[in-house]
Amino acid sequence: MTITVYVPQDSSAISVGADQVAAKLAKLDDVEIVRNGSRGLFWLEPMVEVETDLGRVAYGPVGVGDIDSLVEQDLLKGEQEHPLSLGLTEEIPFLKKQQRLTFKRAGIIDPTDLVSYQTHGGYVGLKRAITMTSQECVDEVKESGLRGRGGAAFPTGIKWQTVHDAPGKKKYIVCNADEGDSGTYADRLQMEADPFGLIEGMTIAAIAVGADKGYIYLREEYPHAHLRLNEAIEKALAANLLGDNILGSGHNFDLEVRLGAKSYICGEETALLESLEGKRGVVRAKPPLPALEGLFGKPTVVNNVLSLSTISIIFEAGAKAYADFGMGRSRGTMPFQLAGNLNQCGLVELAFGVSLNELLNDFGGGSASDKPLRAVQCGGPLGTYLPESQWGIEMDYETLAGTGGVLGHGGIVAFDSSVDMSAQARFSMEFCAEESCGKCTPCRIGATRGAETIDKIRANRDRHANIALLESLCKTMEGGSLCAMGGMTPFPVKSALEHFSEDFYKEPVSSSNAGQTTYQSSGSTTEISIDSIKKAGTSS
Amino acid sequence: MIANTKQQAVLNAIEENKNLEGPLLPILHRIQNDLGHIPSEHVGDIANALNLSRAEVHGVITFYHSFKSEAHGKHIIEVCRAESCQAKGGRAIEAAVKAKLGIDYEQTTSDGAITLEPVYCLGNCACSPAIKIDTQIYGRVTEESLSDLIDSIKAGQH
């Protein structure tokens with residue numbers, strides 16, 4: 001009898017040796033290897049699963065060197081004596097405690113096996129959508145309460161209504177798959193583990209707003225996702241789930257993947273559209289909204305990977321079933337991504353309202369080092385650093401906004417007590433200087449000046465005056481930038497100053513290792529009159 | 001001969017992609033893939049084919065970190081500098097790779113074997129710290145495993 005063994009082809013799993021594990025297991029007799037996506041339990045990757053009568057049992061993290069002993073101890077019979085045994089996969093507490101909706105198929109199916117996708121609820125939603133009017137489709141999204149999962153949390157149904165109502169025959173669906181936020185990987189996991197989920201969601205979006213062309217703008221750093229998506233698109237086309245007259249409905253929809261070119265700012269929707277048009281990724285002023293004048297000037301839906309993937313779940317289960325999850329105005333589930341210095345880093349999909357402490361400790365297993373956790377950055381590189389006193393907060397859009405923070409794309413990066421928060425603040429400015437599109441002066445120039453000013457603070461040069469200057473600069477960037485890059489870079493900087501101010505008052509560090517930067521250290525920068533900058537800062 | 005090959009690669013990339021909507025990035029990706037960089041002397045060919053100015057094409061090439069105007073080393077090592085990797089000792093990894101190769105970011109070793117580049121997130125944050133060598137991502141990197149990887153590149157085993 002052939003035994004089915006699952007070894008993920010997820011790029012994180014591959015980065016820690018999954019390909020080598022799969023190759024060695026494939027040499028065993030009577031074994032069929034299925035390269036599934038990852039379940040998102042990344043600290044256990046490479047996680048090998050074996051199909052048994054009781055369900056799938058897991059082992060991990062499995063190295064090539066573990067395979068002989070695993071096989072000796074009857075891995076293929078699902079025996080659980082080996083130290084790497086994890087028991088039934090579904091019973092692993094990290095997974096069992098989750099509410100997986102968007103990620104319900106992740107790690108379970110072979111990502112590009114259409115049959116497997118359909119036996120797990122795939123294309124039920126699309127088949128329902130083609131029996132509905134376009135307005136009914138839009139209403140379904142509104143009723144679900146879904147808000148943009150990319151970070152801005154704008155109600156998806158309202159965006160769709162605007163595109164639906166916009167005049168003109170040519171409309172586009174654009175998927176923002178430029179997941180540049182550090183500490184986030186949910187889009188990548190979704191595209192690699194369940195690409196049809198995204199494709200189905202985009203197809204439903206096209207039917208709802210009357211679009212016939214879609215683009216997935218994928219960051220170049222995700223080559224595995226690129227392969228999976230292209231393979232899935234080809235299969236969907238062959239099965240008449242994309243292309244002309246989809247399932248005889250009269251709807252046409254073509255879908256194409258376009259690669260970015262390593263530019264963080266292209267994750268901003270208007271910069272993304274510029275990039276798709278073949279231009280520099282420079283942010284556009286709004287209005288006009290992309291919903292009215294988007295790609296090539298046409299009405300365009302721009303949604304994140306998770307928003308669009310969730311659409312297929314909403315249409316499968318019904319808007320109400322989805323809206324029953326969550327709290328307040330944050331409906332449904334949020335895929336949180338645990339990263340940084342935690343014992344158990346991975347994807348946690350839960351209804352909104354879970355506390356940060358639960359995520360860090362119950363799921364994350366606390367600090368991975370021998371030092372306690374000290375700071376947590378929530379919501380990507382533009383998110384605030386939260387001190388322990390704030391870890392009790394409930395994770396939903398409004399509660400986090402109330403603390404001056406952002407939930408963003410759901411990334412959570414934990415740091416232990418060895419972190420130097422003045423170096424982190426400096427990095428935020430440095431990153432902004434590196435990735436700014438250059439359109440707005442406070443972002444383009446302010447970020448460089450910000451990094452220099454933090455260098456001076458760290459070097460104890462006019463510390464108090466320079467801290468005041470930094471605060472003033474932050475205010476200017478926030479108020480004088482078109483998009484979140486300049487407008488939110490001050491968030492991590494200000495939160496570091498507010499909650500970890502002691503790190504800015506340490507004995508000076510030598511400039512040679514100040515954040516290990518490629519920028520000029522403070523010693524070689526031109527002296528600038530603090531008063532003149534202050535004046536410039538407060539006058540705008 | 002080499003000039004002709006370059007020219008041909010550029011013309012092929014244009015021909016294959018010119019009918020797409022917004023063809024410039026796909027064209028540049030294709031050239032970069034084939035030649036490892038986008039030769040400045042052919043910027044004019046691209047501009048002519050798309051009815052753009054040379055300045056516009058140059059602007060796009062220089063805006064994006066991916067596109068290079070100069071040839072890089074035989075292998076590219078990208079080290080993640082973003083927060084999750086920092087939280088797991090990424091800064092020490094950065095220092096170690098620079099020390100081992102004797103170069104800084106955006107530089108190439110004198111034998112032309114390795115170019116070092118920073119990268120801001122590889123989406124491998126649950127297995128930090130992460131680096132990428134050519135197309136392969138490595139997670140849970142230590143200074144020792146990094147040193148072994150570099151040695152294997154130098155020995156021509158990568």
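All figures in this text were calculated on a predicted structure; none of them were measured in a lab. Order of the sequence lines fixes the chain letters, A, B, ..., with proteins taken first and strands second; residue numbering starts at 1 for each chain.
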For a side-chain contact (heavy atoms from CB on, under 4.5 Å) check, start with the C-alpha distance between B:Phe63 and A:Cys437, then their side-chain angles and the critical distance, and finish with the verdict.
CA-CA 8 Å; B:Phe63 180 88; A:Cys437 79; 4.1 Å; yes
Should B:Cys125 and A:Val413 be marked as a side-chain contact (heavy atoms from CB on, under 4.5 Å) after you check the CA-CA gap, both sets of side-chain angles, and the distance that decides it?
CA-CA 9 Å; B:Cys125 319; A:Val413 180; over 6 Å; no
Is [X] close to chain B through its backbone or its side chain, or both, or neither, when contacts mean heavy atoms under 4.5 Å?
X        : answer
A:Leu338 : backbone
A:Leu276 : backbone
A:Glu277 : backbone
A:Ser12  : both
A:Ser418 : neither
A:Asp416 : neither
A:Asp181 : backbone
A:Ala368 : side chain
A:Gln337 : neither
A:Leu347 : neither

Check whether [X] reaches the backbone of [Y] with its side chain - one donor and one acceptor, N or O, closer than 3.5 Å.
X        : Y        : result
A:Ser182 : B:Ala82  : no
B:His29  : A:Gly260 : yes
A:Ser15  : B:Tyr138 : no

Report yes if the distance between the aromatic ring centroids of B:Tyr120 and A:Tyr264 is under 6.0 Å, otherwise no.
no
What option among B:Ser128, B:Pro23, B:Gly59 has the most heavy-atom pairs under 4.5 Å with chain A?
B:Gly59
Does any backbone or side-chain atom of B:Glu56 lie under 4.5 Å from a heavy atom of chain A? Answer side chain, backbone, both or neither.
neither
Whatever's closer than 4.5 Å to a heavy atom in chain A on B:Val57 counts as neither
Would you check, one step at a time, whether the test side-chain contact (heavy atoms from CB on, under 4.5 Å) holds for B:Tyr64 with A:Cys266?
CA-CA 10 Å; B:Tyr64 295 95; A:Cys266 289; 3.8 Å; yes
Please determine whether a side-chain nitrogen of the Lys or Arg among B:Glu21 and A:Arg258 lies less than 4.0 Å from a carboxylate oxygen of the Asp or Glu.
no
Taking NZ, NE, NH1 and NH2 as the nitrogens, is one of them in B:Arg81 or A:Glu430 under 4.0 Å from a carboxylate oxygen of the other?
yes
When rounded to the nearest 0.5 angstrom, what is the spacing between CG in B:Leu24 and NZ in A:Lys279?
11.0 Å
Distance in Å, A:Arg280 CZ paired with B:Ile61 CD1, rounded so as to fall on 0.5 Å steps
12.5 Å
Using only heavy-atom distances, determine whether the side chains of B:Glu83 and A:Gln424 contain a donor-acceptor pair under 3.5 Å.
no
Tell me whether the count of non-hydrogen atoms from other residues, nucleotides or ligands lying under 6.0 Å of NZ in B:Lys74 goes above 12.
no
Should the heavy atoms of other residues, nucleotides or ligands under 6.0 Å from NZ of B:Lys100 be counted, would the total exceed 12?
yes
B:Gln86/A:Val419 under side-chain contact (heavy atoms from CB on, under 4.5 Å): CA gap, chis, key distance, verdict
CA-CA 9 Å; B:Gln86 291 169 2; A:Val419 68; over 6 Å; no
Exercise: identify the closest heavy-atom pair between A:Ile14 and B:Gln136:
CG2-NE2, 3.6 Å
